[in-house]
Amino acid sequence: MNGTEPQGRKPRADVQRNRAALLATAQRHFRQHGVGTSLEAVAKEAGVGPGTLYRHFPTREALLAAVLQTRSEELGARRTDIEQLGDAGAALEQWLRAMEEYFSAFSGLPEPLMTAARAQNPDNPLTIPCDIFIATTDKYVKAAQNEGHVRAAVRGYDLFLAACSIAWIKGNGADEESLNRLRTLIASGYRQRGEIA
């Protein structure tokens, strides 16, 4: 038995319950202990055996990708607000902050995201979310380039990595003053001359 149902049939109630319990528990553990938390502890607290956890989520990356998916609504709401801005440069800056905050949700999250983005392994469940982040960032970059705010050589991938880096530094205890200086340094690297605040 592999925990899946024939196509077209709704999963059994206990299968849905187990999955929901695992996702809620994993999110709590990731918040408290970081993405390297014990998966056996997650399964135990969720009231299932390790085999059940691995049937639902064969790898740590699969579990992490599913937890991130449950949090995607808040990022979608941020994007909706950003889309209302009339200034492409400001929209890019707001998107970078939104990614930084999203990547800071769990200690250690930037590392597996950057690994997935670099490796481009289709078997890694984090590859697709990273591709979406990079494509979205690229969209904001191109709009800002069209308005003359961003240098032509800058790519969405570059600024995705920058947001991951700031989130990693933030997760390792940097104070807000240092983070603001880093943000200014990064912005001075991607903005056109005369655009630096």
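FYI, the numbering just counts along the sequence from 1. FYI, side chains are in, hydrogens and waters are out, and symmetry mates aren't considered; it's all heavy atoms of this structure.
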Worksheet item: Salt bridge check: are Glu45 and Arg28 linked by an N-O gap of less than 4.0 Å?
Response: yes
Item to complete: Please say whether more than 12 non-hydrogen atoms of neighbouring residues, nucleotides or ligands are located less than 6.0 Å from CD in Gln32.
Response: yes
Discussion item. Any carboxylate oxygen within less than 4.0 angstrom of a Lys/Arg side-chain nitrogen, looking at Glu100 and Arg183?
Written reply: yes
Worksheet item: For atom CD of Glu73, is the number of surrounding heavy atoms from other residues, nucleotides or ligands below 6.0 Å larger than 12?
Response: no
Practice prompt. Output yes when a side-chain donor or acceptor of Thr25 lies under 3.5 Å from a complementary backbone atom of Ala21, and no otherwise.
Written response: yes
Item to complete: Establish, from distance only, whether the side-chain atoms of Asp175 and Ser178 form a donor-acceptor pair under 3.5 Å.
Response: yes
Item to complete: Give, for atom CG of Leu182 and atom CD1 of Ile169, the distance between the pair rounded to the nearest 0.5 Å.
Response: 5.0 Å
Discussion item. Using only atom types and a distance under 3.5 Å, with no angle test, would you say the side chain of Thr37 pairs donor to acceptor with the backbone of Gly34?
Written reply: no
Practice prompt. For residues Arg31 and Ala105, report the shortest heavy-atom separation together with the two atoms involved.
Written response: CG-O, 4.2 Å
Worksheet item: So, does Tyr140 use its side chain to make a donor-acceptor pair with the main chain of Leu96 at under 3.5 Å?
Response: no
Worksheet item: Looking at side-chain heavy atoms only, is the closest gap between Trp95 and Val141 below 4.5 Å?
Response: no
Worksheet item: Does a side-chain heavy-atom distance below 4.5 Å link Ser72 with Gln69?
Response: yes
Worksheet entry | Under 3.5 Å: donor-acceptor pair, side chain of Gln145, backbone of Arg151 | yes
Worksheet item: Sequence neighbours excluded, which residues qualify as side-chain hydrogen bond (donor to acceptor under 3.5 Å, both in side chains) partners of Lys44?
Response: none
Item to complete: Taking side chain to side chain contact (heavy atoms under 4.5 Å, CB included) as the test, write out the residues that go with Ala117, two or more places apart.
Response: Cys130, Ile134, Tyr157, Phe160
Practice prompt. Answer yes or no: is there a donor N or O on one side and an acceptor on the other, between the side chain of Thr115 and the main chain of Glu111, under 3.5 Å?
Written response: yes
Worksheet item: Would Glu93 and Arg97 pass as an ion pair if we require N to O under 4.0 Å?
Response: no
Practice prompt. Say whether, by atom type as modelled, one donor and one acceptor occur between the side chain of Arg60 and the main chain of Val35 under 3.5 angstrom.
Written response: yes
Discussion item. Treating Thr184 as the side-chain partner and Asn180 as the backbone partner, does any N or O pair qualify as donor plus acceptor under 3.5 Å?
Written reply: yes
Worksheet entry | Ser104 OG to Ile166 CD1 distance, which is reported to the nearest 0.5 Å | 9.0 Å
Fill in: Charged N-O contact under 4.0 Å between Glu83 and Arg78
no
Worksheet item: So with a 6.0 Å cut-off around CG of Leu85, is the heavy-atom count from everything else above 12?
Response: yes
